[in-house]
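Written below as structure tokens is the structure these notes are about.
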Amino acid sequence: MDDQPLSGAALLQRFRALDRLLSEYQGLWRPLPFTQHHLPWESAHPELARWLRSRSLEQAEADHHQPHLLPAPPPWPEVARRCDVLSRIGELPQHPRPTPPARLALDVPGRKWQQIQAFAASLQFRHAPQHWLDWCAGKGHLGRLLAHEGTALTCLEHDPQLVEEGLRLSQRLGLTAQHLQQDVLAADALERLAPRHTPVALHACGDLHVRLMQLATRAGCRQLAIAPCCYNRIATDSYQSLSAAAQASTLQLSQQDLALPLRETVTASARVRRQRDLSMARRLAFDLLQRQLRGIDDYLPTPSLPPAWLDKSLARYCQDLAALKGLPAPDAATDWPRLEAQGWRRLAEVRNLELLRALFRRPLELWLLLDRALYLQEQGFAVRLGRFCPRQLSPRNLLLLAEHP
Ligand SMILES: C[S@@+](CC[C@H](N)C(=O)[O-])C[C@H]1O[C@@H](n2cnc3c(N)ncnc32)[C@H](O)[C@@H]1O
């Protein structure tokens, strides 16, 4: 399969192939190692389960970004190969842009600046945009980069502080941009869109970018560009398919399933990783304990806890969390060092078992993007889907370009 952006008939073709893959293997990617001590697929593939469970936390960490290369027992090689082939998607052609004035980048964090530059360089429409509409704009950094040479710009954002900050930045640069406070999910959001607008949305979460596709279609916009993120941030319990092809699929996706593509993270600092691992090892140790305390061999959800909880001893942590959940106090004779070691062991197993789910992160993300692409195609747009920046810059690096032919 060519490493090209997808367009035309290839969109539906790839969607169907991914739909078959995800449906066939749902027993492998749906179950969560963090909450389930024994995963249903382990009975069918005991050798693979043993192999993954015997590995260390460091090994899991090292393979986080390339699980398809693991030399694991069957059915891994075949599953990994199929996932890898169907995950491939080419980079959108980058169009050289005039170097923006350095002062534009002044208030933009480094990685965000690189993302918006890559996003801007990937835009190419048959008709030159007359008026950019930055959707869920934050401070409007993307809009400013696109419009700094004089094209009109409107930024829509819900958070009044970001609206104010955005306006201040635009004024300082002498740009006549409008920064409007708008809840894009509200009924009056449609009034903000007009046929002359070219909407752009960088990392607008779940419902927010879906809303843009629906409203831009109704308002008669001729072209738009969307790089989605946070597919699980939706108001409904399960995913509402957009295109006819996805509506005909038997796949039902819960919010938990929709979080799978977000599990690929950019490499965090050693300190952040240590904190994250400690927090998870603690939770897993508590999970072992709470099963004994309740006499029920089942996961018990716990709230997110302030970071200061990690400064407590494991004993105090578990006692306080048990009290918070209304459970009986742990036995005074509890062997805390042993429980601590078990928590870390469980964490290594969970992380390695997660690598199997990781094979499906990108296939599921592409399935979701293709549902959006096919929906826009049904609305009469010609659509291109491809990468706009390297994954190291952002794992959410897929961009949908749509324009009326
Ligand atoms: C992940 S940020 C992306 C911001 C910007 N596009 C960027 O790439 O830097 C998502 C933005 O959506 C805004 N937002 C969240 N809910 C919204 C809503 N209902 N209406 C408008 N904006 C919203 C948030 O305040 C936030 O600024």
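Order of listing sets the numbers, starting from 1, for every ligand and every atom in it. Atom set for the values below is all heavy atoms of this structure, side chains included, hydrogens, waters and symmetry mates excluded.
Interatomic distance, NE2 of His68 versus CZ of Arg362, reported as 12.0 Å (0.5 Å rounding).
Using cut-offs of 30° and 60° on the angle between ring planes, the pair Trp29 and Phe360 is tilted.
Arg196 and Gln130 are not linked by any side-chain donor-acceptor pair at a separation below 3.5 angstrom, with hydrogens and angles left out of the test. Side chains of Arg192 and Thr154: no donor on one and acceptor on the other come within 3.5 Å.
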When you check ligand 1 against the protein, what N or O pairs turn up below 3.5 Å? List the atom names and distances, or just say none.
residue, atom, partner, partner atom, Å
ligand 1, 6 (N), Cys136, O, 3.0
ligand 1, 6 (N), Leu202, O, 2.9
ligand 1, 8 (O), Lys112, NZ, 2.8
ligand 1, 8 (O), Leu202, O, 3.3
ligand 1, 9 (O), Lys112, NZ, 3.2
ligand 1, 19 (N), Asp183, OD1, 2.8
ligand 1, 20 (N), Gln182, O, 3.4
ligand 1, 20 (N), Val184, N, 2.9
ligand 1, 22 (N), His158, N, 3.3
ligand 1, 25 (O), Glu157, OE2, 2.5
ligand 1, 27 (O), Glu157, OE1, 2.8
ligand 1, 27 (O), Glu157, OE2, 3.4

Exercise for review: Apply side-chain hydrogen bond (donor to acceptor under 3.5 Å, both in side chains) to Asp371 and Ser241, showing your working.
Suggested key: CA-CA 7 Å; Asp371 181 27; Ser241 298; 4.6 Å; no
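The pair Glu354-Arg357 counts as a salt bridge, with a side-chain nitrogen and a carboxylate oxygen less than 4.0 angstrom apart.
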